[in-house]
J.: 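Pasting a structure here, questions to come.
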Amino acid sequence: MRFSRLFGKTLRQAPAEAESISHQLLTRAGMIAQEAAGIYSYLPLGWRVLRKIENIIREELDKAGGQELLLPVLQPFELWQQSGRDVSFGESLFTLTDRKQRTLALGPTHEEVIADLVRRYIQSYRDLPLLLYQIQTKLRDEPRPRGGLLRVREFFMKDLYSLDVDEAGLDESYRKTSQAYRNIYARVGLPTLMIEADSGAIGGKESHEFMVLTEGGEDEVIYCSGCGYAANAEKAQSAKTDTAAVSSQGRESRKGEPMNMPCLEEVATPGAQTILEVAKHIGVPTSQTLKAVFYSADGEFIFVVIRGDLEVNETKLRNALKCSDLRLATEGEVIEAGLVPGFASPIGVQRIKVVADDSITSGSSFIVGANKPEYHFRNANYPRDFQVDFIADLALARPGDSCPHCRCELSSARGIEVGHIFKLGTFISERLGASFLDSDGRSRPVVMGSYGIGLGRLLAAIVEQSHDDKGIIWPLSVAPYQVYLCPLHMDKSAVLLAAEKVYQQLQEEDIEVLFDDRDDSPGVKFNDADLLGIPLRLTLSPRTLERQSVEAKWRTKKEAQLLPVENLAAEVKKLLDETVTFES
RNA sequence: CGGGGCGUAGCGCAGCGGGUAGCGCGCAGCGUUCGGGACGCUGAGGUCGGAGGUUCAAAUCCUCUCGCCCCGACCA
C-alpha cells in the first residue's frame, strides 16, 4: 500500500473527547473514527488489524473443533420472551418494529438463536457435542459507552456456544475452549489472567473472565500473589478472620455454645451513628460490631447484617436475593420499616427480610444497634439474640484482606475484560425446548456453554498495553502492515528508484508493506511510522544507498541495522519469520 | 438515571463587560529545504450544535433542546 493513497489521516493532536490512550492513539493513527457515542467506523488500517485478530481467533477455534456459522442480527422478539432475557437484558436490548408491526430485537448475543437452531436440528445425543461460533456485529444499548473502543454499543464479537449432553461434556468443552483462548491471547501478544467471574443471576455455575491488567481497565481484579487465586472484585472472596479468637470477651464462647456467653446489655452511645463512631465510643475494634445496611430489592425492603469491618458486595447480594433491581434504601424507607437509622438492630425485627453475611458467625458478643435512638447493645450473638432469613457470603473482598485459600495478603489491579466464558447449563435450552434423546430414549435439555471475545475491545486492549509516547507498538501478528518502507530525499531519483524496486520485491515475497511515498521531511515520516506502530521500518536514503544498503529498525528497539539492498526481500522475510517464531 | 465538564474551520484552541470571528496545526499553489513533526510567500475553508427569546444589533445575555466526554448507577 502506498501511504499517499491510504484513506485516513494521522493527527498530531487527538480529539478532546478521546480520553483513553487507545482511543487517542487509534484516532491519531487514522485507524478508527467515532460516529456517535459508542459507535465507530474502522478505517482501512484499523480494519486490517481487526481482521488479523479475527483470523487468529478463527484458526484457534477451528483447531479446537469449532464450526463457524453466521447468525441473524435481526431476531424475533419472541425468542427473547421465551428465554426470559427480554427482561434481564432490559433497556440494553435494542428493539424495533417492522412494517407489519412485528417486534424484532437487534442481537446483543446469540444464545437464543442457537438454542432455536438446536431444537430444530438436534434430536439425538449422537448429534452432540458441538462447538458452534460466529464472528459478527452485535448491538447493545449500553447505559454508558466509554473509553473509545473499550465499551461500545455496536461491536464486532466472537461468540462460541458449546452444546453437550451433560455436565461432564460441558466441562470438557469448557476446558477446550479456555485452552483455545489462551492460545489466542498468546498469539495476539496479550498477557492475560484467567480469573473467577460473576456469572450473574441467570448464568450457570462457573464463569471466568480473561483480563488484561492495565491502568485504564474498568474492572477491578482481586488477586493473591501467594497461590494465584484471582477473581473479579464482584465475585472475589476473602478470609474473614475469626474475631472471636482475638476478642477477650468471646474467647470461650464459640457459636452454638451459649454457656459463658455474656448477656445482652444496653449501652448508651449518644451521637455515635457510624460504625467507626460506635466502635470508638465503646472502645472495641470495628470487627467487634455488626453493621446494618438497608436495600430495596425489586421493591422489597431488605435488612443486611454484616460485621462492622466489612462492606457489602452488591453483586453478591443481588445474586443471593435473585433480584434484578437493587439499590440502597432511603432513610424514609428505613424509618417506615420501623427502624432507627444509625441505631438499627436485627434484634427484635419482624416482618422484614433479614439476610446476613457469614461473618456474623466468625465472631461473637458483637456491638449492635438497639433500635432506639442513642443506644446500642453489647454482647449480641447469633443465633441466640436474633434470627436471619439466610446467611451467605455477601462481603466485598478488598486489597489487604487475606486470601481465602492461602491467607496471603490480597492485592487489587485494574483490568480490561477481553474474554468471558461461562457454563450456562440448561437455563436457556429448557426454556426454549432445546432437547435431545439420550441413549436410554429419555428427553434431556442440551447443556450449553457460552464463550465471548469482543474483537474491538481486544484491539484496544493491545494498544492500552503496548504503546509508548510516540505511538502504538503492534505485535507482528496483528500489525496492519509488517513493514514500513521509508525513503528519505524523494527528490533524489536514485532513492526513489531503489524504493520502488524494494517495494516491488517485498510484495513479491508476500510481505505486507506500507510504502511511505509522500514527499515529506524525515521527521514527519519517522513520527508517522512510530505512531502507526508498524513493527519493522526500512529506511532508504542517499546515505544508506552509498553503502548499497537499507536501514532496518524494529519499532520495539532503539538500534537499527543495515541490510544489503541486494536480495533485501529475502533478508527481510527471514527477519520477520524469526520474529514470528519468537513471539509464538 | 444522578453529579460534573464541553460544543466556535478537518484537529487543538482563543474570542463570551453585546457591534457581525481569530490563532496554531492540517489543507491547496509556488519556491527553498530534507536522518526525528523545516521555512518563506500566496490562498481556500466557519449555519459559532439547534430552536426560541431579549436587543437597533447576539458566538457573546436568557430559556428550552440536541450532542459529546468524565465520575457514579448500570453493564445475563
J.: Do A:Asp198 and A:Thr315 have side-chain N/O donor and acceptor atoms under 3.5 Å apart?
T.: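 There is no such pair (donor and acceptor under 3.5 Å, judged by atom type) between the side chains of A:Asp198 and A:Thr315.
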J.: Looking at A:Phe155, does the NZ or CZ of A:Arg140 lie under 6.0 angstrom from its six-membered ring centre and within 45 degrees of the ring axis?
T.: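 Relative to the ring axis of A:Phe155, which defines the angle, A:Arg140 lies outside at least one limit.
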J.: Taking the six-membered ring for Trp, are A:Phe3 and A:Phe515 ring centroids under 6.0 Å apart?
T.: no
J.: Tell me, with the steps shown, if A:Gln134 and A:Lys138 meet side chain to side chain donor-acceptor pair (under 3.5 Å).
T.: CA-CA 11 Å; A:Gln134 23 104 248; A:Lys138 311 217 173 194; 2.7 Å; yes
J.: For a quick check under 3.5 Å, do A:Gln465 and A:Thr214 share a side-chain donor-acceptor pair by atom type?
T.: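 Side chains of A:Gln465 and A:Thr214: no pair found under 3.5 Å.
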J.: What distance, rounded to whole Å, do you find between the two P atoms, one in B:C25 and one in B:C61?
T.: 30 Å
J.: When the distance from CG of A:Leu540 to C1' of B:C34 is rounded to whole Å, what number comes out?
T.: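 To the nearest whole Å, that distance equals 15 Å.
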J.: I need the CD1-P distance between A:Ile39 and B:G67, as an integer number of Å.
T.: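 Going from CD1 in A:Ile39 over to P in B:G67 covers 11 Å.
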J.: Now, which nucleotide makes the Watson-Crick or G-U wobble pair with B:A59, with each of the two distances under 3.5 Å?
T.: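 Answer to the pairing question: none, since B:A59 forms no Watson-Crick or G-U pair.
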J.: Can you tell me the pairing partner of B:G10 across any strand shown, Watson-Crick or G-U wobble, with both distances under 3.5 angstrom?
T.: B:C25
J.: Going by purine N1 to pyrimidine N3 plus the second Watson-Crick contact, or the G-U wobble pair, all under 3.5 Å, which nucleotide sits opposite B:A44?
T.: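 None - no nucleotide pairs with B:A44, as no candidate has both distances under 3.5 Å.
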J.: Residues from residues 485-499 of chain A sitting under 4.0 Å of RNA chain B, heavy atoms only?
T.: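 Going residue by residue through residues 485-499 of chain A, the ones with a heavy atom under 4.0 Å of RNA chain B turn out to be A:Leu488, A:His489, A:Asp491.
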J.: Using atom C1' in both nucleotides, what's the gap between B:A9 and B:C23 to the nearest angstrom?
T.: 12 Å
J.: Identify which nucleotide among B:G37, B:G35, B:C74 has an atom closest to any side-chain atom of A:Arg543, counting heavy atoms from C-beta outward.
T.: B:G35
J.: Does a donor on one side chain and an acceptor on the other come within less than 3.5 Å for A:Glu112 and A:Trp80?
T.: no
J.: Distance to the ring centre below 6.0 angstrom and angle to the axis at most 45 degrees; does that hold for A:Lys423 and A:Tyr174?
T.: yes
J.: Whole angstroms only, please: what is the CD-P distance between A:Glu234 and B:A73?
T.: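 In whole Å, B:A73 P and A:Glu234 CD are 10 Å from each other.
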J.: Tell whether A:Arg537 reaches the base of B:G36 with its side chain through a donor-acceptor pair below 3.5 angstrom.
T.: yes
J.: Could you work out which one of B:G12, B:G37, B:C75 sits closest to the side chain of A:Arg151?
T.: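 So the side chain of A:Arg151 is nearest to B:C75.
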J.: Could you work out the separation of B:C16 and B:C6 based on their C1' atoms and round it to a whole Å?
T.: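 One C1' to the other, the span is 15 Å.
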J.: Measure up the A:His23 and A:Tyr40 rings against each other and bin them: parallel (under 30°), tilted (30 to 60°), perpendicular (over 60°).
T.: perpendicular
J.: With rounding to whole Å, what would you report as the distance between B:U54 and B:G45 at their C1' atoms?
T.: 33 Å
J.: For B:G22 and B:C27, measure between their P atoms and round to the nearest Å.
T.: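 Result for the P pair: 23 Å, nearest Å.
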J.: Within the structure shown, what part of the strands sits under 4.0 Å from A:Ala18 by heavy-atom distance: base, sugar-phosphate, or nothing?
T.: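 Nothing, no nucleic acid heavy atom in range.
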J.: Could you check whether A:Lys470 gets within reach of a base, just the sugar-phosphate, or nothing at all, counting any heavy atom under 4.0 Å?
T.: base
J.: For B:G35, give the paired nucleotide (Watson-Crick: N1-N3 plus N6-O4 or O6-N4; G-U: N1-O2 and O6-N3; both under 3.5 Å), or none.
T.: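 No nucleotide pairs with B:G35.
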J.: OP1 or OP2 of B:C69 sitting under 4.0 Å from any side-chain N/O of A:Gln34?
T.: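 Affirmative; the distance criterion is met.
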J.: Between atom CD in A:Glu35 and atom P in B:C69, what is the gap in whole Å?
T.: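 So the two atoms are 13 Å apart, to the nearest Å.
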J.: Taking only side-chain nitrogens and oxygens of A:Arg144, does any of them come within less than 4.0 Å of OP1 or OP2 of B:A73?
T.: no
J.: If pairing requires Watson-Crick or G-U wobble contacts with both distances under 3.5 Å, which nucleotide is the partner of B:C68?
T.: B:G5
